[in-house]
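Values in this document were obtained by computation on a predicted structure and should not be read as measured data. The residues of the chain are indexed from 1 along the displayed sequence.
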Amino acid sequence: MTPALSTTSPATGGRPTGIADSSDHFRPSDSSDRSPSPDSARSSDSSASSDAEFTELSTYSRLLDLLATTPAAYRTICHEPEGNTALASELRGHPLEQAAKSIVIRAKRAKQDGGGRYALAVVPGDRRVDLDAVGRALGSNRVGFADRTTAERLSGCASGSIIPFSFHPDLELLVDHDLLAHSHLYFNAARLDRSIELCTAVYRTLAQPQVLAIAA
């Protein structure tokens, strides 16, 4: 099926140890379109630290408000609901390596560190997260996937629609350097039926990620 451009926008068996992939196949219910809510990607406002603010709808709204500051650099793509990275890439019509696959990782420094640190690891759609590399970046040798509830709470997105931006102060943003080699990247926009094509240079400016080698 050919995806439709939105008119609302201006323009693991056998897996090596330490290498991880996402289970991005969940299909939660759809959300309605956004309502205005200006904000920034790294807001220090008190509302940004409130977990109640992080819902699929509010994250979609915050994302579009942020992208609206550079309308010529992105486009919104409407398509059938899909949370699997490979299948969503087919619907959007681009190579899998240009998809931004985003996975929430938990890192603990010591056994007594109950809470730990959380990072959003973003890798090309045809690659997996190298947990050892993420651990080195975070100074921890105890890393793994965050549980689904925590991942959705920190990202403000349902599983399968996590965006490569962090609006939560407790979620660090790590992006693999190979993903940024492309002129544009693609990702679900906190909705399973909406995606974004975004100029990579603009993404780096807006998201301000730590750029590392974290994909395998």
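Taking 4.5 Å as the limit, every side-chain heavy atom of Tyr118 sits out of range of all side-chain heavy atoms of Asp170. No side-chain heavy atom of Leu174 sits less than 4.5 Å from a side-chain heavy atom of Leu120. Using a 4.5 Å heavy-atom threshold, the side chains of Leu212 and Arg136 count as separate. Side-chain contact between Phe145 and Ile105 is present, with heavy atoms from C-beta onward closer than 4.5 Å. Side-chain contact check for Phe165 versus Thr59: every heavy-atom pair is 4.5 Å or farther apart. Looking at heavy atoms from C-beta onward, Ile162 lies out of side-chain contact with Ile103 at the 4.5 angstrom threshold. Residues Thr69 and Leu206 have side chains in contact (heavy-atom distance under 4.5 Å, counting atoms from C-beta outward). The side-chain heavy atoms of Val104 and Arg106, taken from C-beta on, include no pair separated by under 4.5 Å.
Follow the hydrophobic side-chain contacts under 4.5 Å out from Leu96 and you never reach Leu180; the two are in separate clusters.
Residues His182 and Thr200 come closest through the heavy atom pair O-OG1, 2.6 Å. When all heavy atoms of Thr85 and Arg92 are compared, the closest pair comes out as O-NH2, 4.5 Å. Considering every non-hydrogen atom in both Ala73 and Val202, the closest pair reads CB-CG2, 3.5 Å. Residue Pro164 comes nearest to Tyr203 through the heavy atom pair O-OH, 2.6 Å, listed as atom of the first residue, atom of the second, then distance. Heavy-atom minimum distance, Leu192 versus Ser159: CD2-O, 4.5 Å. In terms of heavy-atom proximity, Leu179 sits nearest to Ala100 at CD2-CB, 3.8 Å.
To the nearest 0.5 Å, atoms CG (Leu91) and SG (Cys78) are separated by 12.0 Å. Distance CG/Asn141 to CG/Leu131: 12.5 Å, rounded to 0.5 Å. Taken from CG in Leu173 to NE2 in His168, the straight-line distance is 14.0 Å, to the nearest 0.5 Å. Taking CZ from Arg75 and OG from Ser195, the interatomic distance works out to 10.0 Å, rounded to the nearest 0.5 Å. How far CD1 of Ile77 is from CG of Asp193: 12.5 Å, rounded to the nearest 0.5 Å. Separation of atoms OG (Ser89) and CD (Glu97) is listed at 9.0 Å; rounding is to 0.5 Å.
At least one donor-acceptor pair under 3.5 Å links the side chain of Ser140 to the backbone N or O of Lys108. A side-chain donor-acceptor contact under 3.5 Å links Ser166 to the backbone of Leu171. Remark: the backbone N or O of Ala216 is paired with a side-chain donor or acceptor of Arg127 at under 3.5 angstrom. Under the 3.5 Å distance criterion, the side-chain polar atoms of Ser155 are matched with a main-chain donor or acceptor of Ala151.
Of the charged side-chain nitrogens involved, at least one lies within less than 4.0 Å of a carboxylate oxygen, so that Arg117 and Glu172 count as a salt-bridged pair.
Both the sub-6.0 Å distance and the 45° axial angle are satisfied by Arg191 relative to the ring of Tyr60.
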Ile196 and Leu64: side-chain contact (heavy atoms from CB on, under 4.5 Å), yes or no, with the steps?
CA-CA 9 Å; Ile196 296 294; Leu64 291 193; 4.1 Å; yes
